[in-house]
Amino acid sequence: MVSKRRSIHATNLNFRPNINACNNSEPKGTKPTSEPTSVKEILVLMVMYLCKKSLFFDTNLKVGIYLSCLFVISLIADVLMIPKTYLSRSDNVLNKVFVKFAWGWNLTLIVPFIILTSVTYCCGNKQKILKNHMPRILIATFFWWFWTSLFNFVEASLGRCANKDFDSKILCLREGHVWNGFDLSGHSFILIYGSLFLIEETRCIVNWDAIKDYIRLEEYQRQTRDSNGKPNPLRNLTDSELKEVKTNYEKFTPYIRLLFVLVAVIQILWDVMLISTMLYYHIMIEKFLGGAFAILTWFFTYRVWYTKQSLLPRLPGDGTFKYIKRTPVQSTPVRSRRKDSLTDQGPLFMGMPIYANYKPEELSVR
């Protein structure tokens, strides 16, 4: 008589772990996973993605577009008669409310943005914030005042009134006459410099969302004392600094995102008003030189001065920990490196190495 086959689950197979032995070791648990993303968070991330695309495409390309348009469009506007629109009126709302106070709008948005972000990535270190990041606002404001004042000085010094009885620009304009001078475009300067200033100062939001994951993983590693985790930018922070980062990140991130969206909107407005300036105001050389001075000032500060580690201030995002990913320069082609990595693994089956503990020198012996 054939006996009934025993269930495989009732056997004590050799490859199964010994439960009693496992109970002797202290369990560490599993790494915490991120919380489920809500619909509201998804919509917010979509808006942030669009704003980042608007602000952070190749800045060098944008500078080239600025210079090209200042030359070509302005030259066309000097030669051809451009149809008048609402934007051609100097008293239009956008010009009176926004462009006239352009630098004030920039500071209204960027000052709280810099404070909230730097407080987070500097772990609340006020001295580091004041020395490394806030001076950039003063430097940008100084250059704005210096160049616009110089433009006004050049126009007043080299110009003449249509009525020869008046030698002063103020008196000439007060009496209703026309002052003819070399009027370097302050609008071209402030709109281009303001746009580049906003782009550079908000660049610290790149990879901002990764800070949340860094905090979560670092807290787990400190609780479990797991030293085998992946490198974490927060690894060298003290417990008080880590707590400060977590508190500030959770408290300020919604406001940082809102300010970033407003910055993206105002930067688009500056580009629209720049096109209006190209079409309806000044002559080509005045606009081109105004934009050129703006680009040179941006390049000197953000591409030369602030990149020097021995000088202050520092670039946005340079804080107590490094959370912005830097793309490494590839010294070898990707294809050859991938080929070498596959060769070093020895024989493969369905993408997996046949020999688990394979060493290249062992295969040569075989």
Side-chain angles (χ1 to χ4, degrees), residues 50-51 53-110 140-141 143-152 154-155 159 169 173 178-202 261-298:
L50 294 176
C51 292
K53 283 294 183 181
S54 173
L55 282 173
F56 299 144
F57 75 95
D58 192 351
T59 308
N60 295 328
L61 176 60
K62 187 163 190 172
V63 168
I65 293 175
Y66 278 150
L67 289 176
S68 300
C69 291
L70 282 174
F71 181 81
V72 176
I73 297 179
S74 300
L75 188 61
I76 294 174
D78 290 345
V79 176
L80 302 179
M81 182 64 67
I82 305 298
K84 300 295 183 180
T85 63
Y86 176 72
L87 294 178
S88 64
R89 296 169 47 184
S90 59
D91 61 343
N92 68 77
V93 175
L94 296 179
N95 191 39
K96 292 181 63 176
V97 176
F98 290 98
V99 179
K100 188 176 181 180
F101 306 99
W103 196 250
W105 284 105
N106 288 343
L107 295 183
T108 300
L109 296 177
I110 209 64
T141 303
F143 279 119
W144 162 75
W145 170 83
F146 172 79
W147 287 116
T148 52
S149 300
L150 182 62
F151 294 168
N152 292 330
V154 170
E155 182 191 12
K169 177 183 176 181
L173 297 177
V178 177
W179 182 265
N180 298 313
F182 188 66
D183 185 13
L184 287 166
S185 178
H187 279 188
S188 295
F189 174 85
I190 190 61
L191 293 174
I192 292 179
Y193 184 62
S195 294
L196 296 175
F197 172 69
L198 294 177
I199 290 171
E200 294 295 342
E201 289 299 331
T202 55
V261 173
L262 294 177
V263 167
V265 173
I266 203 75
Q267 197 276 325
I268 294 175
L269 177 61
W270 293 160
D271 285 346
V272 172
M273 296 309 297
L274 179 62
I275 296 176
S276 174
T277 301
M278 295 177 189
L279 293 175
Y280 301 114
Y281 303 100
H282 298 275
I283 60 176
M284 185 273 291
I285 188 63
E286 294 173 344
K287 289 176 281 191
F288 185 84
L289 289 178
F293 285 124
I295 292 172
L296 289 175
T297 304
W298 157 80

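Remember, predicted model here, so these are calculated numbers, not experimental data.
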Tyr86 to Val93 - nearest heavy-atom pair and separation: OH-N, 3.0 Å
Nearest-0.5 Å distance that lies between atom CD1 in Ile82 and atom OG in Ser276: 11.5 Å
Spacing of Ile65 atom CD1 and Asp58 atom CG [to the nearest 0.5 Å]: 9.0 Å
Minimum heavy-atom distance Ala77-Met278, with the two atoms named: CB-O, 3.5 Å
Donor-acceptor contact present, side-chain Glu286 to main-chain Asp183, <3.5 Å: yes
Partners meeting ring pair (Phe, Tyr, Trp, His ring centres under 6.0 Å) with Phe101 (sequence neighbours left out): none
N/O donor-acceptor pair under 3.5 Å between Trp105 side chain and Val97 backbone: yes
Intermediate values then yes/no, side chain to side chain contact (heavy atoms under 4.5 Å, CB included), Asp91 and Lys96: CA-CA 6 Å; Asp91 61 343; Lys96 292 181 63 176; 3.9 Å; yes
Closest non-hydrogen atom pair between Ser185 and Thr277, with its separation: OG-CG2, 4.0 Å
Donor-acceptor under 3.5 Å (Lys287 side chain, Tyr281 main chain): yes
Heavy-atom donor-acceptor pair, Tyr193 side chain to Ser188 backbone, under 3.5 Å: no
Value rounded to 0.5 Å, distance of CD1 in Ile76 from CZ in Phe71: 10.0 Å
Test item: Thr202 side-chain N/O and Ile199 main-chain N/O as donor-acceptor pair under 3.5 Å: yes
Student check: side-chain heavy atoms of Trp103 and Thr148 closer than 4.5 Å: no
Ser149 side-chain N/O to Phe146 backbone N/O, donor-acceptor pair under 3.5 Å: no
Partner residues of Asp271 under the side chain to side chain contact (heavy atoms under 4.5 Å, CB included) criterion, sequence neighbours left out: Lys62, Tyr66, Ser195, Gln267
Leu75 to Met284 - nearest heavy-atom pair and separation: N-CG, 3.9 Å
Heavy-atom closest contact (Ala140 atom, Phe197 atom, distance): CB-CE1, 3.6 Å
Where Phe189 and Phe143 come nearest, the two heavy atoms and their spacing: CZ-O, 4.0 Å
Ile192 side chain near Val63 side chain, heavy-atom distance below 4.5 Å: no
Counterpart residues, side chain to side chain contact (heavy atoms under 4.5 Å, CB included), relative to Leu94 (two or more places apart): Leu87, Asn92, Phe98, Leu269, Met273
Heavy-atom side-chain contact between Leu279 and Ser88 under 4.5 Å: no
Residue pair Asn106, Trp270: steps toward the side chain to side chain donor-acceptor pair (under 3.5 Å) verdict: CA-CA 10 Å; Asn106 288 343; Trp270 293 160; 2.9 Å; yes
Under 3.5 Å: donor-acceptor pair, side chain of Thr297, backbone of Phe293: yes
From CZ (Arg89) to OH (Tyr280), nearest 0.5 Å: 12.5 Å
Inter-residue atom distance Ile266.CD1 - Leu109.CG, 0.5 Å rounding: 6.5 Å
Student check: side-chain heavy atoms of Trp298 and Thr59 closer than 4.5 Å: yes
Verdict with reasoning, Phe182 to Leu289, per side chain to side chain contact (heavy atoms under 4.5 Å, CB included): CA-CA 11 Å; Phe182 188 66; Leu289 289 178; 3.9 Å; yes
